[in-house]
Protein chains: 2
Amino acid sequence: MSDLAAALDVVGARWALLIVERLLDGPQRYGDLQRDLGVPTNILATRLRELEAAGVLSRLPLRHNTRAYALTDRGLALREAIVALGRWGAKKAEV
Amino acid sequence: MSDLAAALDVVGARWALLIVERLLDGPQRYGDLQRDLGVPTNILATRLRELEAAGVLSRLPLRHNTRAYALTDRGLALREAIVALGRWGAKKAEV
DNA sequence: GTCAACACTTGCAAAATGCAAGTGATCTGT
DNA sequence: ACAGATCACTTGCATTTTGCAAGTGTTGAC
């Protein structure tokens, strides 16, 4: 399995990289991610569980029954790749 | 829609980035991609059609009834992002 | 004590993915 | 020229993933 395939195994699922991108701006709560990204709630819950299990993010308990999701070092290390992909996506498809 | 979302719209589908990565080494034929990547043949056909429509790759006819798939400039521009993701995937998940 | 907010879960439909077998157009050897 | 092999796919169907909508339990505020 190539390095790329290994990476896609972790962050290749739909919404995964978008969630990580959003967390590059700092920890976010569940409801914020949902509203900002427009991701279906069951998918969001699933992805957060998977990404936490993969060591990409962690839950931080806030006061009351709320919590925030924050990137781990491993998650933050995705910044380069996300920026590169974003730059590519920003280019026009100059025909 | 963010730049990242735009990029994922084009290369976010399963196998898409792996196909592009393989083509970074130069044009490849259908059967080579299939054998090297282990991608199901119907998926490969679908992805190649989508990536061609998106201007990421093009078909070059070879002699007889064979052809090869080659990245366009737009496709080659994915190299940075692919390398970055590959580097991330190569790292151990140092607990 | 009622009502709202937050962080989910559940049930089900729709879409994407995967497997296996089949198709038609060359091409190779005899 | 004919048989069999190769290449580049397509087709049919099962499985998995994704998405929508509604519901649940736990605080918290008034």
Side-chain angles (χ1 to χ4, degrees), chain A residues 1-2 4-23 25-54 56-72 75, chain B residues 1-2 4-23 25-54 56-72 75:
Chain A
M1 192 193 227
S2 75
L4 180 60
L8 292 175
D9 237 47
V10 177
V11 293
R14 198 163 298 176
W15 297 107
L17 270 185
L18 292 167
I19 292 167
V20 174
E21 182 192 34
R22 195 72 200 72
L23 294 178
D25 286 348
Q28 308 284 334
R29 284 175 309 158
Y30 187 95
D32 295 333
L33 290 170
Q34 198 180 172
R35 274 181 289 278
D36 294 349
L37 297 175
V39 49
T41 176
N42 53 344
I43 304 293
L44 179 56
T46 303
R47 288 293 170 274
L48 289 173
R49 233 181 288 123
E50 293 165 348
L51 291 171
E52 187 187 12
V56 170
L57 54 81
S58 62
R59 288 159 201 248
L60 348 152
L62 303 180
R63 54 191 65 252
H64 315 314
N65 68 332
T66 66
R67 42 200 146 291
Y69 293 90
L71 294 179
T72 59
Chain B
M1 191 194 227
S2 76
L4 180 60
L8 292 176
D9 237 48
V10 178
V11 293
R14 199 161 299 173
W15 296 106
L17 271 185
L18 292 168
I19 291 167
V20 175
E21 183 193 32
R22 196 69 199 74
L23 293 180
D25 286 349
Q28 306 286 333
R29 284 176 309 158
Y30 188 95
D32 295 333
L33 290 169
Q34 201 182 169
R35 273 182 288 279
D36 292 349
L37 297 174
V39 47
T41 175
N42 54 342
I43 305 293
L44 178 57
T46 302
R47 288 294 168 274
L48 290 173
R49 232 181 287 125
E50 293 165 349
L51 291 172
E52 186 186 14
V56 172
L57 55 81
S58 63
R59 287 161 201 247
L60 348 153
L62 302 180
R63 56 190 65 253
H64 314 316
N65 67 331
T66 67
R67 42 199 143 292
Y69 294 90
L71 294 179
T72 59

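In what follows, every chain begins at residue 1, and chains take the letters A, B, ... in the order their sequences are listed.
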- Within less than 4.0 Å of OP1 or OP2 of C:dC6, is there a side-chain N or O belonging to A:Tyr69? no
- Query: Just checking, is any N or O donor in the side chain of A:Thr41 or A:Tyr30 under 3.5 Å from an acceptor N or O on the other one?
  - Reply: yes
- Please list, chain by chain and in numerical order, all residues satisfying salt bridge (Lys or Arg N to Asp or Glu O under 4.0 Å) with A:Arg14, sequence neighbours excluded. none
- Starting from the C-alpha separation in whole Å, work towards a yes-or-no answer on side chain to side chain contact (heavy atoms under 4.5 Å, CB included) for A:Arg29 and A:Tyr69. CA-CA 6 Å; A:Arg29 284 175 309 158; A:Tyr69 293 90; over 6 Å; no
- Query: Between residues 4-16 of chain B and DNA chain C, which residues have a heavy-atom gap below 4.0 Å?
  - Reply: B:Arg14, B:Trp15
- Check: B:Leu33 main-chain N/O paired with B:Arg35 side-chain donor or acceptor under 3.5 Å: no
- Query: Near DNA chain D, under 4.0 Å by heavy atom, which residues of residues 41-48 of chain B?
  - Reply: B:Thr41, B:Asn42, B:Ala45
- To the nearest angstrom, the CZ-P distance between A:Arg63 and C:dC6 comes to 16 Å
- The reported gap from CG in B:Leu48 to CH2 in B:Trp15 (rounded to nearest 0.5 angstrom) is 13.0 Å
- Message: For the OG atom of B:Ser2 and the CG atom of A:Leu17, what is their distance to the nearest 0.5 Å?
- Response: 10.5 Å
- Who pairs with A:Ala6 by side-chain contact (heavy atoms from CB on, under 4.5 Å), at least two apart in sequence or on another chain? A:Met1
- Item | salt bridge (Lys or Arg N to Asp or Glu O under 4.0 Å) pairs, two or more places apart, involving residues 38-49 of chain B | B:Arg47-B:Glu50
- Please list residues of residues 25-40 of chain A whose heavy atoms come under 4.0 Å from any atom in DNA chain C, ordered by number; otherwise none. A:Arg29, A:Tyr30, A:Gly31
- Message: I need the CD-P distance between A:Glu50 and D:dT16, as an integer number of Å.
- Response: 15 Å
- Query: How long is the line joining CD1 of B:Ile19 and C1' of D:dC9, in whole Å?
  - Reply: 14 Å
- Task: Confirm from the modelled atom types if A:Asn65 and D:dT27 form a donor-acceptor pair under 3.5 Å, side chain to base only.
- Result: no
- Message: Does C:dT9 have OP1 or OP2 under 4.0 Å away from a side-chain N or O of A:Arg49?
- Response: yes
- B:Val39 vs B:Leu18 side-chain heavy atoms within contact, under 4.5 Å: no
- Taking every non-hydrogen atom, the tightest pair across A:Ala68 and A:Leu62: N-CG, 4.0 Å
- Could you check if a side-chain atom of A:Val20 sits within less than 4.5 angstrom of a side-chain atom of A:Leu57, using non-hydrogen atoms only? no
